[in-house]
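Please read these numbers as outputs of a predicted model, since none were measured by experiment. Position 1 is the first residue of the sequence, and the numbers go up from there.
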Amino acid sequence: MGLRPQPMVCLQVKAQLPLVCQRCLQDMLHPIEEKVDFRLVADEPELTQAELEAEDEALAATEPVDVLELIEDQLLLALPIVPMHDHCPQGAEPAAIDAADAGADDRQHPFAGLRELMDKAKKS
């Protein structure tokens, strides 16, 4: 409000990225559907709190903008930290994995006997 209108560019990316599920180690396609608004500016703005909270990204457009680089950056930002199927095709469901981890807690811990020895030594 009250500011000069600025040129804007909208980048929309729709893709199916081939990844490997980290739960079952099978190939998977990860759908990406991203939309980013870029505000074209003459110089890179200072990184202020207002700039961090802005709904659009500032893009210095003093030289020709490499659109492929923008798309690549957006795809990298959209990648999951740990790619996993919603439902693994080979039955490695999260509940089955959690049950296996719960069974691991029932085994004896290596230092459990050490605590008993320390308690006996203190009593002596």
Side-chain angles (χ1 to χ4, degrees):
M1 288 198 241
L3 298 176
R4 267 189 6 228
Q6 290 186 302
M8 301 285 289
V9 174
C10 179
L11 173 69
Q12 261 185 304
V13 179
K14 273 185 158 180
Q16 295 276 338
L17 296 181
L19 300 174
V20 175
C21 174
Q22 296 302 297
R23 186 180 300 145
C24 67
L25 300 177
Q26 299 295 315
D27 293 334
M28 64 178 275
L29 289 176
H30 180 72
I32 292 180
E33 199 168 322
E34 296 286 321
K35 180 181 175 186
V36 181
D37 292 324
F38 290 102
R39 179 175 19 94
L40 299 177
V41 295
D43 296 315
E44 283 287 330
E46 289 185 32
L47 198 57
T48 62
Q49 188 64 29
E51 190 65 34
L52 289 172
E53 293 173 355
E55 291 185 17
D56 52 18
E57 300 281 330
L59 178 63
T62 54
E63 298 178 14
V65 176
D66 186 357
V67 176
L68 290 177
E69 188 176 308
L70 285 176
I71 294 170
E72 179 184 8
D73 290 345
Q74 197 58 39
L75 289 173
L76 288 172
L77 289 171
L79 284 174
I81 294 172
V82 179
M84 287 189 285
H85 288 109
D86 290 334
H87 302 286
C88 287
Q90 300 208 343
E93 294 298 321
I97 293 171
D98 291 342
D101 289 342
D105 290 337
D106 294 339
R107 67 175 185 253
Q108 185 175 0
H109 295 281
F111 296 105
L114 184 59
R115 178 176 298 280
E116 292 173 18
L117 289 174
M118 290 175 61
D119 289 342
K120 286 181 184 178
K122 285 180 184 177
K123 291 180 183 177
S124 302

| message | For His85 versus Asp27, what's the shortest heavy-atom pair and its separation? | response | NE2-O, 3.5 Å
| query | Under a 4.5 Å cut-off applied to non-hydrogen side-chain atoms, are Pro83 and His30 in contact? | reply | no
| query | Within a strict 4.5 Å, meaning less than it, do heavy atoms of the Leu19 and Leu79 side chains meet? | reply | yes
Calculate, to the nearest 0.5 Å, the distance between atoms [atom1] and [atom2] belonging to [X] and [Y] respectively.
{"X": "Gln74", "Y": "Ile71", "atom1": "CD", "atom2": "CD1", "value": "10.0 Å"}
{"X": "Gln12", "Y": "Asp37", "atom1": "CD", "atom2": "CG", "value": "9.0 Å"}
{"X": "His87", "Y": "Arg23", "atom1": "NE2", "atom2": "CZ", "value": "9.0 Å"}

Applying a strict under-4.5 Å side-chain criterion to I, L, V, M, F, W and Y, I'd like to know whether [X] and [Y] cluster together.
{"X": "Leu75", "Y": "Val20", "answer": "no"}
{"X": "Met8", "Y": "Leu70", "answer": "no"}
{"X": "Met28", "Y": "Leu25", "answer": "no"}
{"X": "Leu77", "Y": "Val67", "answer": "no"}

| Under the 4.5 Å side-chain heavy-atom rule for ILVMFWY, direct or indirect, which residues accompany Leu29? | none
| query | Should side-chain heavy atoms under 4.5 Å link Ile, Leu, Val, Met, Phe, Trp and Tyr, which residues sit in the same cluster as Ile81? | reply | Val82, Met84
| Under the side-chain contact (heavy atoms from CB on, under 4.5 Å) test, which residues partner Lys123, sequence neighbours left out? | none
